[in-house]
Amino acid sequence: MTYIPASDMEVLLSTTEIANRVCELGQQISTDYHGQSVVLIGVLKGAAMFLSDLARSIEADATFDFVAVSSYGKGSRSSGAVKLIKDIDNPIEGKHVILVEDILDTGLTLSFLRKLMLQHHPQSLKIATCLDKPERRKVEIEADYVGFKIPNHFVIGYGMDYAEHYRNVRDIRLMPAEGAP
Ligand code: IMP
Ligand code: MG
């Protein structure tokens, strides 16, 4: 790929906007899980930054786990089938679980993971996503906690990649059409 510097890309969401919204979500989760323990399950690798910030905004007792699913093609937009690459390390039976994802796009990844997690019989299962692109949905699924609803445009930064690059960009930027998958 021809590497386009992130500094040449338009900012969609600034670090301040992200931090403020993540803080609000954390407060909401703290209220919803007051006095309870919650397992945050991050979807690698995209959700790493969001989980890290969200977890630190949550006052309830929280533990972490991570899953990884296969992504298809270098552009990393899921093509249909989803495969589990890494499962959870600890049992979640009887626990309150929140699946933490970077983007809810077609919905295929999260509906696959939700079904999989429900087989472990958690006490409750919710979904937190940093971004939601409702226009692209192929299967019916909604997140319980949404950072931002965004239009159908490929974005990078704050954990999100294009061909594994740009995950370390601090804000969320629009990938120019010539580089987007
Ligand atoms: P889906 O909901 O199964 O279509 O897939 C969601 C996954 O696709 C996310 O976890 C991302 O890895 C990837 N994805 C979707 N849209 C974008 C984007 O705009 N930028 C980066 N990754 C994206
Ligand atoms: Mg992802």
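Just so you know, ligand 1 is whichever comes first in the structure, and atom 1 is the first atom listed for that ligand. The shown structure was predicted, so the numbers you read here are calculated from the model rather than taken from an experiment.
Residue Ile156 places no heavy atom under 4.0 Å from ligand 1. The shell of residues lying under 4.0 angstrom from ligand 1, judged by heavy atoms, excludes Gly46. Within the 4.0 Å heavy-atom cutoff, Lys133 counts among the residues contacting ligand 1.
Residues satisfying the side chain to side chain donor-acceptor pair (under 3.5 Å) test with Ser14, not counting sequence neighbours, are Glu17.
The ligand atoms of ligand 1 that sit less than 4.0 angstrom from a heavy atom of Asp102 are 9 (C), 10 (O), 11 (C), 12 (O). Here is the list of ligand 1 atoms found below 4.0 Å of a heavy atom in Leu108: 2 (O), 3 (O).
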Where do Arg167 and Glu164 land on the salt bridge (charged side-chain N to carboxylate O under 4.0 Å, His left out) test, with the steps shown first?
-> CA-CA 7 Å; Arg167 292 195 196 274; Glu164 295 298 327; 3.0 Å; yes
Can you give each donor-acceptor pair under 3.5 Å made by side-chain atoms of residues 52-60, sequence neighbours left out, with the distance rounded to 0.1 Å?
unit_1	atom_1	unit_2	atom_2	d
Ser52	OG	Arg56	NH2	2.8
Asp53	OD1	Arg56	NH2	2.9
Asp53	OD2	Tyr158	OH	2.7
Arg56	NE	Ser52	O	2.9
Ser57	OG	Asp53	O	3.1

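Screening Met175, Arg173, Met160 for a side chain to side chain contact (heavy atoms under 4.5 Å, CB included) with Tyr166, the sole residue that qualifies is Met175. Each of Ile98, Val97, Leu110 was evaluated against Ile127; a single residue qualifies, Leu110, per the side chain to side chain contact (heavy atoms under 4.5 Å, CB included) test.
Contacts of Ile103 with ligand 1, taken as heavy-atom pairs under 4.0 Å, involve both backbone and side chain. Using a 4.0 Å cut-off between heavy atoms, Arg136 makes no contact with ligand 1 at all.
Where the criterion is an N or O separation shorter than 3.5 Å, residue side chain and backbone included, Leu110 fails it with respect to ligand 1. Considering backbone and side-chain N/O of Gly107, one or more are found under 3.5 Å from N/O of ligand 1.
Under a 3.5 Å cut-off, the side chain of Arg21 and the backbone N or O of Val146 do form a donor-acceptor pair.
Atom CG in Asp105 sits 10.5 Å away from atom CD in Glu135 (nearest 0.5 Å).
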